[in-house]
Asks: 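Sending over a structure as structure tokens; questions will come in a sec.
Quick note: residue numbers are just sequence positions, from 1.
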Amino acid sequence: MDRMKDYLPDFNNCLQWEPPFCQNECPWDLDVPAFIEKVRRGAFNAAYKMFQGAVGFPEIAVRLCAKGCQSVCPLRSSVHLLKIEKAVLKYATKKTPIKYNLPAKQEKVAIVGAGISGLACAVNLVEKNYNVTVYERSGRIGGQLWDLMRADIFMEEFKNRLPKDSLELRLNDAITSIRQLKAYDAIYLATGRDGTDFGLLSSGQKEPCAVIDGIPVFAGGSLCGATIDYALSDGLQMGRVLDAYFKTGRLEYLKRKDQTKMILDPSHLQNDSVIIGASPEEEYTKEEAIKEAERCIMCQCDACRVHCDLLEYINKWPLRVRDEIIATTLPGKSEVKRTPAKRTINLCTQCGLCEKTCPERIDMKHLIMEARKSMHDQNKMPWVFHDYWIRDMEFSNAQGFLRKSAPSGRNQYVFFPGCQFIGISPRTVMKAYEQLLAHESDTGLLLACCGAPARWAGDSERSLKTKELLRDSWKSLGEPIVILACPTCANQFQQMLPEVKTSFIYEWMADWDIPLRTNPNEETWSIFDPCASAEKPELRRAVRTLASKAGLKCEPLYHQEAYSACCGYGGQGAITDPNFTAHVVKKRISESKHPYLTYCINCRDHFNRAGKQAKHILEILFDIEPEAFTITEMREHRISQKNQMLERFWNEKDRAGNEAEQMDIKLIIDEALAQKLSQERILEDEMANVVSFCEKSGRKIYDTQKNTYIGYRKIGYATYWAEYKKTQTEKEPKYKLVNGYQHRMSIELEVVWNGQKIGQE
């Protein structure tokens with residue numbers, strides 16, 4: 001939680017609640033997005049109530065409106081908000097003001113001037129049940145409105161909003177001194193342009209408000225130079241100011257609006273539509289008003305939601321995510337307190353686009369990473385989210401681990417392909433190392449995991465162990481330059497071991513004069529830059545050079561080049577919510593009709609599995625066709641490829657005996673079931689483990705209808721179930737797996753089984 005505090009202050013600058021351009025320009029601060037949303041639904045009565053609450057006098061406001069909103073609308077054809085408002089007034093059927101049953105207030109307010117500003121102030125105060133008296137020196141109310149519109153329009157509005165019994169109206173009653181109003185608790189001067197100010201405006205006050213003869217006096221509207229529309233706004237605001245004064249005792253004036261900090265993502269303007277058919281003079285029909293409202297793009301600073309797959313998927317804004325993260329990571333057992341962001345925290349792909357695209361550079365990526373650490377340290381991290389990846393990392397750094405000096409005996413360099421690369425495309429790793437040795441014979445080999453799974457799980461202890469393993473290996477090899485193939489591994493080295501000098505195999509190959517495969521056809525490719533390559537321009541250039549040497553015709557992925565988004569692998573949220581990963585992959589593969597060329601093996605694998613043609617740049621250069629392996633096969637590759645490379649380059653066999661644990665039962669598993677197990681992150685050895693346990697202990701149930709056995713075993717944290725058939729041959733029994741699955745929970749074994757007390761194992 002301590003490190004999380006470093007990232008929380010940035011959220012105070014979030015522009016989520018910045019008003020859109022039109023609202024900022026509106027004198028009455030109408031909540032335009034909420035208003036538009038109601039019109040889109042055809043909820044004209046609800047839209048009318050909102051408009052009335054904002055402007056006080058709807059029929060007057062639409063006639064005073066200067067249409068400033070249209071001048072700032074970012075669309076080429078501005079939304080005709082004023083015509084929409086007029087349509088709302090026309091088609092709303094429930095216009096009676098809402099009357100609130102509030103207790104009568106004791107405070108008394110005097111309003112000097114019965115023009116639009118004074119009466120607007122009266123509306124707000126009357127609604128809150130204050131004692132209001134309006135003084136007007138002439139014999140009529142309305143002030144400037146008499147020169148701007150028909151009297152019946154504004155007089156009807158005043159009648160509806162200010163019934164006779166709601167306030168005391170004193171016409172032909174000129175106020176010449178503040179002392180005449182000493183019986184009141186506050187005074188609002190709205191005497192109009194060139195009206196009397198009783199010396200308030202010339203008193204040297206910073207704002208036109210002061211205590212005169214013991215009475216708080218405020219001035220506003222045209223008296224203070226406001227145009228007629230802002231005079232109406234001043235009056236409405238002054239009603240709220242006086243209410244706040246009576247509640248708090250603080251003498252504060254109107255808060256003038258600052259320029260909005262709204263920043264609109266340009267993607268919102270790509271589908272800018274043209275104005276609908278009605279001419280400017282014509283009123284909208286109800287249908288036309290709805291259609292025009294639908295053109296509004298609801299301006300909001302949502303760059304993070306436009307570019308962040310996570311925020312889009314969970315449909316939440318950064319401020320809410322922040323609050324939920326804080327609630328989730330507060331000390332306390334999750335059984336007795338809410339953990340609303342538990343899943344959200346573990347879905348983040350750690351691509352960093354939230355910060356890159358945010359105008360205020362709010363860093364949600366690192367906040368979430370620190371939240372994972374906090375959850376892990378408090379033992380609140382659901383083990384299921386990262387258990388598979390952690391075990392896979394530990395396998396790579398044990399059975400799959402190899403550290404070898406160059407065949408020449410000198411280690412100027414060492415090749416670090418990454419654990420996923422050797423599992424997904426083992427032949428490519430072999431070819432890559434051959435090429436390195438052909439050009440730099442002093443290149444050793446280090447097969448290991450970079451530790452990303454531990455970091456993504458928030459497991460600092462395991463991250464430290466991996467760091468020590470890699471540092472010790474690097475030092476024992478003579479501190480060579482590490483040649484990498486994976487951008488994620490590069491980021492890991494940069495973060496964990498900044499003292500290690502690294503490079504990319506692609507940068508080396510781009511400078512080599514080697515025979516590279518040429519493209520056999522005119523197919524166009526799109527280069528997909530992995531999110532981990534975002535700050536690596538040299539790497540990107542090298543890959544494009546190699547693509548050119550290979551004769552590939554490439555078209556850019558414009559979005560990916562500007563904002564490198566994740567393929568869905570980053571952060572390893574596939575177990576936390578497989579639908580999220582599928583959502584991300586679907587978005588990425590839809591960005592171009594062309595096949596993808598990438599240089600992250602996880603990107604290539606994700607895309608291929610989703611049906612998108614994709615190849616790793618090295619697969620193209622070495623003429624290797626991509627294959628889709630199960631997780632069991634990928635784990636086996638790390639062992640078999642390690643042994644092949646030992647024999648191929650050092651004429652050795654694995655003397656350390658690091659082969660994977662061999663099960664005493666060999667299962668027959670068809671291809672469809674193997675794929676199912678792989679998708680659910682179940683290793684075939686785990687199923688063999690269950691069957692072996694069931695056969696040895698007798699803990700199994702026989703299904704007479706299906707002729708299958710069913711049993712389970714707890715392995716690690718999870719409970720694995722196997723359904724299998726057993727056939728006896730002359731030599732040995734055979735076991736065919738029919739189905740397999742796991743509960744990501746612990747189920748304790750029964751002490752008594754089939755009437756007998758037997759051991760747990």
Side-chain angles (χ1 to χ4, degrees), residues 393 395-423 425-451 465-487 489-490 492-494 496-516 538-539 542 546 601 618 621-622 624 636-660:
M393 179 191 77
F395 177 88
S396 296
N397 289 339
Q399 292 97 321
F401 179 80
L402 180 65
R403 177 180 61 223
K404 292 295 292 182
S405 293
S408 67
R410 298 179 299 275
N411 293 318
Q412 188 174 355
Y413 312 102
V414 64
F415 182 40
F416 189 93
C419 60
Q420 296 302 308
F421 206 155
I422 198 169
S425 190
R427 290 192 297 148
T428 306
V429 173
M430 176 73 85
K431 287 281 189 180
Y433 190 53
E434 287 177 353
Q435 286 289 339
L436 281 169
L437 287 179
H439 289 80
E440 297 292 345
S441 60
D442 297 340
T443 303
L445 182 64
L446 181 56
L447 302 182
C449 177
C450 66
K465 288 181 179 179
T466 305
K467 174 181 177 178
E468 291 171 349
L469 172 68
L470 295 178
R471 179 195 282 130
D472 292 346
S473 298
W474 174 66
K475 285 184 174 294
S476 68
L477 292 170
E479 301 185 0
I481 296 173
V482 178
I483 302 175
L484 301 164
C486 173
C489 292
Q492 279 292 107
F493 272 89
Q494 183 179 359
M496 293 195 312
L497 298 166
E499 67 271 25
V500 176
K501 187 175 181 180
T502 62
S503 183
F504 281 101
I505 186 172
Y506 318 105
E507 298 171 8
W508 290 67
M509 294 180 69
D511 294 332
W512 291 345
D513 184 17
I514 57 176
L516 297 175
E538 296 83 2
L539 169 62
L546 290 174
I601 200 63
L618 295 183
L621 299 178
F622 302 144
I624 296 174
E636 291 171 349
H637 289 162
R638 295 174 208 171
I639 299 297
S640 61
Q641 195 68 9
K642 177 181 75 169
N643 292 332
Q644 287 181 39
M645 297 180 86
L646 272 172
E647 190 168 354
R648 164 77 173 79
F649 300 110
W650 291 274
N651 196 27
E652 295 180 12
K653 291 190 177 180
D654 187 7
R655 294 190 297 269
N658 283 338
E659 286 83 2

Asks: With the side chain counted from C-beta on, respond yes when Ser396 and Phe401 share a heavy-atom pair under 4.5 Å apart, and no when they do not.
Replies: no
Asks: How far apart are the closest heavy atoms of Ser408 and Ser441, and which atoms are they?
Replies: OG-O, 3.3 Å
Asks: With no hydrogens and no angle check, is any side-chain donor or acceptor of Gln641 less than 3.5 Å from a backbone partner on Pro426?
Replies: yes
Asks: For a side-chain contact (heavy atoms from CB on, under 4.5 Å) check, start with the C-alpha distance between Gln435 and Phe622, then their side-chain angles and the critical distance, and finish with the verdict.
Replies: CA-CA 10 Å; Gln435 286 289 339; Phe622 302 144; 3.7 Å; yes
Asks: Can the ring centres of Trp508 and Tyr413 be said to be less than 6.0 Å apart?
Replies: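 Under 6.0 Å, so yes.
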Asks: Output yes when a side-chain donor or acceptor of Ser473 lies under 3.5 Å from a complementary backbone atom of Leu469, and no otherwise.
Replies: yes
Asks: Give every residue pair that meets the salt bridge (charged side-chain N to carboxylate O under 4.0 Å, His left out) criterion with at least one member in residues 475-487, sequence neighbours excluded.
Replies: Lys475-Glu479
Asks: Measure from the side-chain N and O atoms of Asn411 to the backbone N and O of Ala406, and report whether any donor-acceptor pair falls under 3.5 Å.
Replies: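 Side chain of Asn411 to backbone of Ala406: a pair is present.
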Asks: With rounding to the nearest 0.5 Å, note down the distance linking CG in Leu539 to CD1 in Ile505.
Replies: 12.0 Å
Asks: When you measure from the side chain of Trp512 to the backbone of Leu436, do you find a donor-acceptor pair of N or O atoms at a distance under 3.5 Å?
Replies: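 Between the backbone of Leu436 and the side chain of Trp512 there is no qualifying donor-acceptor contact (under 3.5 Å).
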Asks: Of all heavy-atom pairs between Leu446 and Pro417, which one has the smallest distance, and what is that distance?
Replies: O-CD, 3.6 Å
Asks: Looking only at non-hydrogen atoms, find the nearest pair between Cys450 and Met496 and report the distance.
Replies: O-CE, 3.2 Å
Asks: Say you draw a straight line from CE of Met509 to CG of Leu618; how long is it, rounded to the nearest 0.5 Å?
Replies: 5.5 Å
Asks: Identify the two heavy atoms, one from Cys419 and one from Arg638, that lie closest to each other, and give their separation to 0.1 Å.
Replies: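 Of all heavy-atom pairs spanning Cys419 and Arg638, the closest is O-NE, 3.5 Å.
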Asks: With rounding to the nearest 0.5 angstrom, report the CZ to NE2 distance, Arg427 to His637.
Replies: 10.0 Å
Asks: Kindly give the heavy-atom pair with the smallest separation between Leu646 and Lys653, and that separation in Å.
Replies: CD1-C, 4.2 Å
Asks: Hey, does the side chain of Lys642 reach the backbone of Gln399 with a donor-acceptor pair shorter than 3.5 angstrom?
Replies: yes
Asks: If you round to the nearest 0.5 Å, how far is SG of Cys486 from CZ of Phe416?
Replies: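 Separation between the atoms: 8.5 Å.
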Asks: Should the pair Phe415 and Tyr433 be assigned to parallel (<30°), tilted (30 to 60°) or perpendicular (>60°) ring geometry?
Replies: parallel
Asks: Nearest 0.5 Å please: distance from the CD1 atom of Ile639 over to the CD1 atom of Ile422.
Replies: 9.5 Å
Asks: If you apply the rule side-chain contact (heavy atoms from CB on, under 4.5 Å), what do you find for Leu497 with Trp474, and how did you get there?
Replies: CA-CA 10 Å; Leu497 298 166; Trp474 174 66; over 6 Å; no
Asks: Rounded at 0.5 Å granularity, tell me how far CE in Met645 sits from CG in Leu447.
Replies: 6.0 Å
Asks: Which heavy-atom pair separates Ala448 from Leu470 by the least distance, and what is that distance?
Replies: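 Smallest heavy-atom distance, with atoms named: CB-CD2, 4.2 Å.
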Asks: Where do Phe649 and Met430 land on the side-chain contact (heavy atoms from CB on, under 4.5 Å) test, with the steps shown first?
Replies: CA-CA 10 Å; Phe649 300 110; Met430 176 73 85; 3.5 Å; yes
Asks: State, yes or no, whether a side-chain contact exists between Arg403 and Leu477 at a heavy-atom distance under 4.5 Å.
Replies: yes
